[in-house]
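Worksheet: one structure, shown below.
Letters A, B, ... are given to chains in the order of the sequence lines, protein chains preceding strands, and every chain is numbered from 1. If you're wondering where the values come from, they're calculated on a predicted model, not measured in any experiment.
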Amino acid sequence: MKTKDQQSNLAKNFIPQDIESTLYQQWEDAGYFGVSNDDPRPAYTIVIPPPNVTGALHMGHALDHTLQDILIRFKRMDGFATLWLPGTDHAGIATQNVVERELEKKGQSRQEMGRKAFIDQVWEWKKQYGSRIVEQIRRMGSSCDWSRERFTFDEGLSHAVRHAFVSLYNEDLIYRSTYLVNWDPKNQTAISDLEVEYQEVKGMLTYFQYPLEQGGHITVATTRPETMLGDTAIAVAPDDDRYQNIIGQYALHPWLDRKIPIIADPYVKKEFGTGAVKITPAHDPNDYEMGLRHQLDMISILNKDGTMNEHAGPFQGLDCKEARKKIIAGLQEKQLLVKQEEHLHQVGHSQRSGAVIEPLLSKQWFVRTEPLAQEALAAVQTSKTTFIPEKWNKTYYQWLENIRDWCISRQLWWGHQIPVWYCDDCQKETAAIEDPATCQHCQSHHIQQDPDVLDTWFSSGLWPFSTLGWPDASKDMEKFFPTQVLVTGFDIIFFWVARMMMMSLKFTQQVPFEKVHIHALIRDEHGQKMSKSKGNVVDPIDLIDRYGADALRFSLCALSVQGRDILLSEKKIEGIRNFINKLWNAGKFVEHVCQDQQQAAQPPQPTLSINQWIVHRLHEVIGQVRHNLELMKFNEIADQLYHFIWHEFCDWYLELSKPHLYGQHVQEKQETIQTLLYAYNTILQLTHPIMPFVTETLWQNLPLYRETKSIMLSSYPQTQKLTTEVDMKKISHLMACITLIRTIRSAHTIKPSTKISIHLWNQKNQEVIDFLQSHAIYMQELANVDHISYSAPASKENTGYDVIEGTEIAISLEGLVDAQEELQRLQKEEKKALDDIQFLSKKLKNPKFVAKAPEKLVQETKDKLKQAELTHQKLQEQLQQHSS
RNA sequence: AGGCACGUAGCUCAGUGGGAGAGCGCUACACUGACACUGUAGAGGUCGGCAGUUCAAUCCUGCCCGUGCCUACCA
């Protein structure tokens with residue numbers, strides 16, 4: 001405990017830059033973030049959604065990490081063995097691209113370097129730049145257990161990946177097959193369906209004729225004329241009268257020596273185009289399916305770089321665009337072109353490179369997803385895992401119910417190389433966890449490993465358990481798995497959440513997490529998605545530099561409404577910065593008035609009404625905050641704390657406490673100090689999970705004996721049954737009277753420094769007046785009242801007058817009361833009372849209301865009406881005074 | 001095409017089957033010793049439109065209008 005001098009230890013305002021990094025370092029060095037798997041307390045585990053190792057912290061991470069850290073810090077304080085496991089993702093394509101671009105600048109390429117040298121290069125790069133994101137996570141204040149930090153490509157996780165692959169392979173849940181895949185011609189790799197993004201593009205629908213073998217022709221419509229080089233059929237609807245006579249005949253290819261059969265297939269819609277579709281099985285998913293149904297030839301006309309191959313005849317070597325142009329020109333020349341019309345259609349682009357996706361036939365590895373999906377589906381249906389908010393269940397179901405096999409091989413170098421070896425001698429394949437020396441079928445030494453690597457999401461899918469030591473039996477796995485909650489955005493429900501569910505259920509027979517909290521997307525203040533091209537990207541590190549991590553965290557928490565996007569504006573953060581300053585200055589006040597007091601932080605049993613009131617309110621707030629933490633209603637938590645701290649604790653309680661703190665009554669002063677310290681200490685603890693830095697700083701500075709060295713290790717406040725009776729109604733009435741006096745003053749522009757005398761009386765309720773009289777000091781201090789008479793004045797002329805809940809207030813201020821102003825105010829008040837009477841009596845006159853509405857409500861309405869009538873009557877009397 | 005949201009104060013958004021809330025902005029007054037990153041008081045809304053259920057609807061139901069997002073193979 002530091003001894004205190006007369007000077008404050010606290011600066012005028014909170015300056016986050018001064019304390020954040022050293023405080024974080026202290027926490028980390030002291031080992032507060034770590035947890036032992038021997039810890040006997042119940043576990044609470046979160047695994048971080050591993051950010052891309054090449055990445056930088058963006059707003060999405062900032063939100064994600066804020067929410068996770070709030071939960072982790074809350075649970076840690078609340079007595080759980082808390083593990084927040086951090087790490088990063090090797091992010092195959094993204095990382096490879098970054099390093100390739102670097103090489104390009106130096107005039108090098110990975111092809112020149114060769115595979116091994118290139119991968120070494122990427123590792124070098126990772127070592128040098130991969131810590132950036134990790135450092136940025138620290139700046140958020142995230143209390144991760146860094147001793148357990150993992151990387152999806154480190155040794156342990158690579159082992160897990162191989163184990164998973166081989167297990168699935170042995171169960172025939174992974175297979176290799178030639179299939180029409182999404183080909184990214186820029187990265188020259190296959191990608192999964194999920195990595196294809198569709199954009200609406202204005203294109204041309206080209207109508208052209210195929211000559212028929214027996215004379216005449218048939219007109220087809222297509223958005224991609226160049227694929228006609230791979231056409232192996234023309235399909236029509238089986239019941240299309242126009243084409244009945246030519247089904248089974250052949251069309252002739254204008255450039256290639258090929259006869260193209262006319263086939264009938266129910267897939268074709270008569271209404272679209274001409275009702276006749278050219279079929280290119282090797283370059284269109286639907287055509288591919290049809291090709292399988294009709295055993296059509298599948299002629300691939302594209303090279304892997306997207307140019308025309310040897311099957312394209314005279315067009316070989318051209319890229320798609322050029323080929324399209326030349327073909328249209330050629331058709332025109334041959335008088336086969338019918339027309340072209342504008343046409344809007346969806347075109348797939350690579351999520352990573354932006355290149356137009358080419359469906360391409362190639363041999364790839366796939367995961368057979370259906371059996372895995374069924375279990376993943378059932379786990380959510382039976383609530384073993386629940387989504388928050390619940391609406392995401394449906395999204396999850398829909399995808400899993402219609403799931404297609406997952407293409408997991410990528411023609412890249414950076415990633416987990418597929419653990420399958422092909423034998424040069426017997427041609428068979430060997431899948432193995434450890435690199436085999438020989439073919440398991442013929443023992444030949446001439447084996448080659450498959451050059452492809454796995455989709456990054458394959459390793460991410462194992463993340464919740466591979467990071468805890470799986471497939472080995474580990475104490476971490478035993479203690480911390482399954483995890484309690486996953487916090488992430490909806491954009492990766494399919495990519496990641498669903499796959500973790502499938503993998504975890506398959507390999508551990510358990511769900512990976514009990515809850516999945518899906519948070520919103522962060523947009524700019526105008527609701528626009530943040531993107532580099534729009535130039536509206538907000539850098540969280542920049543915001544931390546300027547406002548502090550606490551302000552950013554609290555803002556994100558306050559804006560995090562379930563199921564809705566977040567619009568982040570700098571104004572909001574400024575507001576929270578001000579709030580932090582408020583909390584800070586309250587801390588300075590506490591320090592100032594408590595001097596050398598060192599009290600135990602026990603809940604006091606105060607005798608003064610105001611102290612009873614704040615303790616009572618505090619415990620209501622503790623209950624609400626705990627409740628909303630469990631429900632993960634983050635905005636509610638922030639709102640409740642904001643309102644309570646600023647508008648109840650600071651605006652009311654601190655002001656109400658001053659008469660005692662600055663007064664001479666030793667016992668009252670003592671009690672108030674104790675209550676103040678207790679309340680403030682509790683407020684800091686309640687707020688700590690959201691704003692760790694400022695609360696720790698203020699807490700360290702409190703003149704209190706404490707059981708722990710850091711607020712983050714102290715116990716989270718609990719609600720307690722308070723033994724003192726508190727008449728909240730009377731205190732509310734007192735506050736309402738204070739507000740009313742201020743209102744009257746303000747209406748007459750009486751300077752705050754001018755002392756006034758007032759009359760205060762209540763004809764119906766002497767008890768209320770007794771209470772007000774015994775609490776007069778507060779009215780005097782908070783409304784700058786000099787003298788109070790507890791009876792009606794002899795004359796109500798030249799007074800500011802109002803009535804509240806039967807208590808009448810008259811401010812006598814000869815000469816200062818503006819008669820006109822007063823009249824208007826009273827008229828307004830009177831009208832309000834009259835509206836009340838009308839509203840309430842209308843209800844009560846309705847016999848159905850009296851008969852059917854809850855009795856309590858009817859009684860309340862009656863009471864309110866009585867009150868309104870009284871108020872109205874008093875105001876009318878006063879108005880008569882004015883007119884006379 | 002199917003699915004999911006959302007239309008509440010000038011702006012950004014909470015909220016509930018029983019008389020509309022916050023933050024910012026705006027107006028007036030005030031540098032009383034925690035705080036001008038402040039205090040006090042105030043102005044401002046047919047809760048998108050139309051019907052229905054109900055004693056009672058901003059909230060529940062249906063339709064309509066408007067705005068976003070996700071999924072999907074229409075050549």
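Each of A/Gln398 and A/His345 was matched to the nucleotide of RNA chain B holding its nearest heavy atom; the match closer to the 5' end belongs to A/Gln398.
Judged by distance alone, the side chains of A/Asp231 and A/Tyr210 do bring a donor and an acceptor atom under 3.5 Å apart. Residues A/Glu655 and A/Tyr778 bring no donor and acceptor atom of their side chains to less than 3.5 Å of each other. The closest side-chain donor-acceptor pair between A/Ser192 and A/Glu195 falls under 3.5 angstrom.
Residues that satisfy the ring pair (Phe, Tyr, Trp, His ring centres under 6.0 Å) test with A/Tyr396, not counting sequence neighbours, are A/Phe387. Every residue was checked against the side chain to side chain contact (heavy atoms under 4.5 Å, CB included) condition with A/Lys394, not counting sequence neighbours, and none meets it.
Among B/C74, B/G15, B/G19, the nucleotide with an atom closest to any side-chain atom of A/Gln346 is B/C74. Relative to the side chain of A/His343, the nucleotides B/A75, B/G33, B/U71 differ in distance, and B/A75 lies closest. The side chain of A/Leu857 lies closest to B/G18, out of B/C35, B/G19, B/G18. Set against B/G18, B/C37, B/U32, the side chain of A/Asn13 has B/C37 as its closest nucleotide. With B/G33, B/G23, B/G19 as the choices, the nucleotide that has an atom nearest any side-chain atom of A/His592 turns out to be B/G33.
Separation of the P atoms belonging to B/U61 and B/U54 is 16 Å when rounded to the nearest angstrom. B/A5 sits 15 Å from B/A14 when the P atoms are compared, rounded to a whole Å. With C1' as the reference atom, B/U27 and B/G10 are 14 Å apart, rounded to whole Å. Of the P atoms belonging to B/C13 and B/G68, the separation is 14 Å, rounded to the nearest Å. One C1' atom belongs to B/U58, the other to B/G2, and the distance between them is 30 Å to the nearest Å. B/C47 and B/U16 have their C1' atoms separated by 12 Å, with the value rounded to a whole Å. Nucleotides B/C70 and B/C63 place their P atoms 25 Å apart, quoted to the nearest Å. Rounded to whole Å, the separation between the C1' atoms of B/G18 and B/A57 comes to 10 Å.
Backbone-only engagement by A/Asp651 is indicated by non-hydrogen atom pairs under 4.0 Å involving sugar-phosphate atoms exclusively. Nucleic acid contact class of A/Leu840 (heavy atoms, under 4.0 Å, all strands): base. Within 4.0 Å of A/Glu401, counting heavy atoms only, lies no atom of the nucleic acid at all. At a threshold of 4.0 angstrom between heavy atoms, the contacts of A/Val561 are confined to the sugar-phosphate backbone, with no base atom among them. Using a 4.0 Å heavy-atom distance criterion, A/Lys751 is classed as a sugar-phosphate-only contact. In this structure, A/His643 reaches neither bases nor backbone, as no heavy-atom distance under 4.0 Å exists between it and the strands shown. Here A/Arg825 lies out of heavy-atom contact (under 4.0 Å) with every strand. Among the heavy atoms of the strands lying under 4.0 Å from A/Leu654 is at least one base atom, whether or not backbone atoms are also near.
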Listed pairs under 3.5 Å, donor-acceptor, residues 221-228 of chain A side chains, sequence neighbours left out:
residue  : atom : partner  : partner atom : Å
A/Thr222 : OG1  : A/Arg224 : N            : 3.0
A/Arg224 : NH2  : A/Glu358 : OE1          : 2.6
A/Glu226 : OE1  : A/Arg324 : NE           : 2.8
A/Glu226 : OE2  : A/Arg324 : NH2          : 3.0
A/Thr227 : OG1  : A/Arg224 : O            : 2.8
A/Thr227 : OG1  : A/Lys278 : NZ           : 2.6

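Rounded to whole Å, atom P of B/G3 lies 15 Å from atom CZ of A/Phe494. B/A75 atom C1' lies 12 Å from atom CD1 of A/Ile234, rounded to whole Å.
Looking at heavy atoms from C-beta onward, A/Asp265 lies out of side-chain contact with A/Val277 at the 4.5 angstrom threshold. Counting heavy atoms from C-beta on, the side chains of A/Val694 and A/Ile19 never come closer than 4.5 Å.
The shortest non-hydrogen separation linking A/Cys594 to A/Ile673 is SG-CG2, 3.8 Å.
Relative to the six-membered ring of A/Phe589, A/Lys658 meets both conditions, a distance below 6.0 Å and an angle of at most 45° to the axis.
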List, with names and distances, any nitrogen or oxygen atoms from the protein found under 3.5 Å away from nitrogen or oxygen atoms belonging to nucleotides 41-46 of chain B.
residue : atom : partner  : partner atom : Å
B/A41   : O3'  : A/Thr743 : OG1          : 3.3
B/A41   : O2'  : A/Ser746 : OG           : 3.2
B/A43   : OP1  : A/Lys828 : NZ           : 3.0

Which atom pairs link the protein and nucleotides 24-27 of chain B when you take only N or O atoms and keep those under 3.5 Å?
none

Protein and nucleotides 53-57 of chain B: nitrogen or oxygen contacts under 3.5 angstrom:
residue : atom : partner  : partner atom : Å
B/C55   : OP1  : A/Lys852 : NZ           : 2.2
B/C55   : O2'  : A/Asn846 : ND2          : 2.8

Atom pairs, N/O to N/O, protein against nucleotides 4-7 of chain B, distance under 3.5 Å?
residue : atom : partner  : partner atom : Å
B/C4    : OP1  : A/Lys394 : NZ           : 2.7
B/C6    : O3'  : A/Arg564 : NH1          : 3.3

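Applying the 3.5 Å distance criterion, the base of B/G68 shares no donor-acceptor pair with the side chain of A/Asp565.
Near RNA chain B, defined here as any heavy-atom distance below 4.0 Å, the residues from residues 580-587 of chain A are A/Asn581, A/Lys582, A/Asn585, A/Ala586, listed numerically. Taking a 4.0 Å limit (strictly below) on heavy-atom distances, residues 263-272 of chain A reaches RNA chain B at A/Tyr267, A/Val268, A/Lys269, A/Phe272.
Among residue pairs with one or both ends in residues 553-562 of chain A, those qualifying as side-chain hydrogen bond (donor to acceptor under 3.5 Å, both in side chains) are A/Asp69-A/Arg553; sequence neighbours excluded. Residue pairs meeting the side-chain hydrogen bond (donor to acceptor under 3.5 Å, both in side chains) criterion with at least one member in residues 859-869 of chain A, sequence neighbours excluded, are A/Gln859-A/Asp863.
Salt bridge annotation for A/Asp835-A/Lys831: present, with a cationic side-chain nitrogen under 4.0 angstrom from a carboxylate oxygen. The pair A/Glu591-A/Lys588 does not count as a salt bridge, with every side-chain nitrogen at least 4.0 angstrom from each carboxylate oxygen.
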What would the secondary structure line of RNA chain B be in dot-bracket form, counting Watson-Crick and G-U wobble pairs under 3.5 Å, with [ ] for pairs that cross earlier ones and | for pairs with another strand?
(((((((..((((....[..)))).(((((.......))))).....(((((..]....))))))))))))....
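Considering only side-chain N and O atoms, A/Lys12 lies under 4.0 angstrom from the phosphate OP1 or OP2 of B/A36. Contact between the side-chain N/O atoms of A/His647 and the OP1/OP2 oxygens of B/G23 is found at a separation under 4.0 Å. Proximity of A/Tyr198 to the phosphate of B/C69: no side-chain N or O atom is located under 4.0 Å from OP1 or OP2.
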